[in-house]
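Some notes on the structure that comes next.
If you read the sequence from its start, that first residue is 1, and numbering goes on from there.
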Amino acid sequence: MINIKRKRVFSAALILLMLSACSSKPEQEQIERVPNKSAQALYDDAKQTLDSGLYIRAIELLSAIDSRYPFGPMSKQVQMDLVYAHYQSNNTDKSIATIDRFIRLNPNHKDLDYMYYMRGLNNIKADENAFQEYFGVDRADRDPIKTREAYKDLDTLIKKYPTSSYADEAKKRQVWLLNKMARYEVKVANYYYDRQAYLAAANRGKYVVEHFGQSSYVKEALEIMVNSYDKLGLSDLRDHSEQILQANKN
């Protein structure tokens, strides 16, 4: 007999498989299904559909406009809406590809701050895993490649557009991303320490202190350094790390 937890996993997998099948139709086929209307009429339909949260249908309409009227007066807004619709439908690859294309073709556009912000959000979402998050699996030991990309995107936004309306939110998200990256390094440091690779553990702890000094994992990193240097018999480095640790506790 399949237990309840396994039934839930199977059901979730089946739902994702069905959604994937629905969204995997050739893009040209989707565009051809869209009625032959003017660009404005199609955009009005697309906007209403997007506002209603029907993102897959909105993508079909917006893609049709983008294909039929690539140089129209609303082409840039259509691409921006496609970025949002792909993000909401969890197609982060498509969303990021649309963002990169937009930035490449419109290097001086007034809404590039929004594009960098959405690129950051897409990379954050791309690093999520619905199954493991749902079942509470600790994924701190997974190399946060997309997290680093997201941090870089938001950093670009903040530095290039400091007065952007998205800058404050980007800074808040950076704090969370910084802690996530630091947590990964500490996890790896503990892994090395548990396997008596004390030099590697100390170096990982040092990396956290040097690169993620504003994170909440500095104290834990320093403790790893103190213990590792002690195991290695490096008393000067141990004492120095201990002094910094005590200073951080005050």
Only one of N190, V188, I224 forms a side chain to side chain contact (heavy atoms under 4.5 Å, CB included) with R204, so which one is it? V188
Does any donor atom in the side chain of D44 or Q40 lie under 3.5 Å from an acceptor atom in the other side chain?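 Present: a donor and an acceptor within the cut-off.
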Could you state the interatomic distance from [atom1] ([X]) to [atom2] ([Y]), rounded to the nearest 0.5 Å?
X	Y	atom1	atom2	answer
T49	I56	OG1	CD1	12.0 Å
E242	L237	CD	CG	13.0 Å
L177	S215	CG	OG	12.5 Å
Q243	L245	CD	CG	11.0 Å
S164	Y117	OG	OH	9.5 Å
D66	S75	CG	OG	7.5 Å

Heavy atoms, side chains only, cut-off 4.5 Å: are [X] and [Y] in contact?
X	Y	value
Y192	N203	no
Y43	Q77	yes
K146	T92	no
I59	H86	yes
S235	R238	yes
R183	F212	no

Considering all heavy atoms of both residues, which atom of [X] and which atom of [Y] are nearest to each other, and what is their separation?
X	Y	result
N122	S95	ND2-OG, 2.9 Å
Y87	K125	O-NZ, 3.0 Å
I99	M115	CG2-O, 3.7 Å
E220	V186	OE2-CG1, 3.3 Å
L50	A85	CD1-CB, 3.8 Å
G205	A221	O-CB, 3.5 Å

Can I124 and W176 be said to form a side chain to side chain contact (heavy atoms under 4.5 Å, CB included), step by step? CA-CA 11 Å; I124 290 172; W176 177 77; 3.9 Å; yes
Going through the checks in order, is the side chain to side chain contact (heavy atoms under 4.5 Å, CB included) test met by T156 and Y161? CA-CA 8 Å; T156 299; Y161 312 98; 5.7 Å; no
Charged N-O contact under 4.0 Å between R57 and E60: yes
In terms of side-chain geometry, is the basic nitrogen of R173 or E169 positioned less than 4.0 Å from the acidic oxygen of its partner?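 So R173 pairs with E169 through a salt bridge.
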Give a yes or no on whether [X] atom [atom1] has more than 12 heavy-atom contacts from other residues, nucleotides or ligands under 6.0 Å away.
X	atom1	answer
D194	CG	yes
Q196	CD	no
H240	NE2	no

Determine whether [X] and [Y] fall in the same hydrophobic cluster, where Ile, Leu, Val, Met, Phe, Trp and Tyr are linked whenever their side-chain heavy atoms lie under 4.5 Å apart.
X	Y	answer
L121	L178	yes
L62	F102	no
L61	V83	no
M74	L112	no
L157	I103	yes

Evaluate D111 against K76 for salt bridge (charged side-chain N to carboxylate O under 4.0 Å, His left out), listing each step before the verdict. CA-CA 10 Å; D111 293 314; K76 292 181 176 60; over 6 Å; no
Which word best sums up how the rings of Y166 and Y114 line up, parallel for under 30°, tilted for 30 to 60°, or perpendicular for over 60°?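 Rings of Y166 and Y114: tilted, 30 to 60°.
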Donor-acceptor contact present, side-chain N248 to main-chain I244, <3.5 Å: yes
Heavy-atom donor-acceptor pair, D127 side chain to N123 backbone, under 3.5 Å: no
Report the C-alpha separation of R68 and L42 in whole Å, then their side-chain angles, then the decisive distance to 0.1 Å, and conclude whether the side chain to side chain contact (heavy atoms under 4.5 Å, CB included) test is met. CA-CA 11 Å; R68 296 172 188 175; L42 282 176; 3.7 Å; yes
Carefully, step by step, assess M118 and D153 under the rule side chain to side chain contact (heavy atoms under 4.5 Å, CB included). CA-CA 9 Å; M118 287 303 299; D153 293 330; over 6 Å; no
Considering only residues two or more places apart or on different chains, which pairs with a residue in residues 44-84 satisfy ring pair (Phe, Tyr, Trp, His ring centres under 6.0 Å)?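 Counting only pairs at least two positions apart or across chains, no ring pair (Phe, Tyr, Trp, His ring centres under 6.0 Å) contact touches residues 44-84.
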I'd like to check the salt bridge (charged side-chain N to carboxylate O under 4.0 Å, His left out) partners of D81; sequence neighbours left out, ordered by chain and number.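 Salt bridge (charged side-chain N to carboxylate O under 4.0 Å, His left out) check on D81 returns nothing, list empty.
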Would you say the ring centers of Y193 and Y198 fall short of 6.0 Å from each other?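 Yes, the ring of Y193 comes within the 6.0 Å limit of the ring of Y198, centre to centre.
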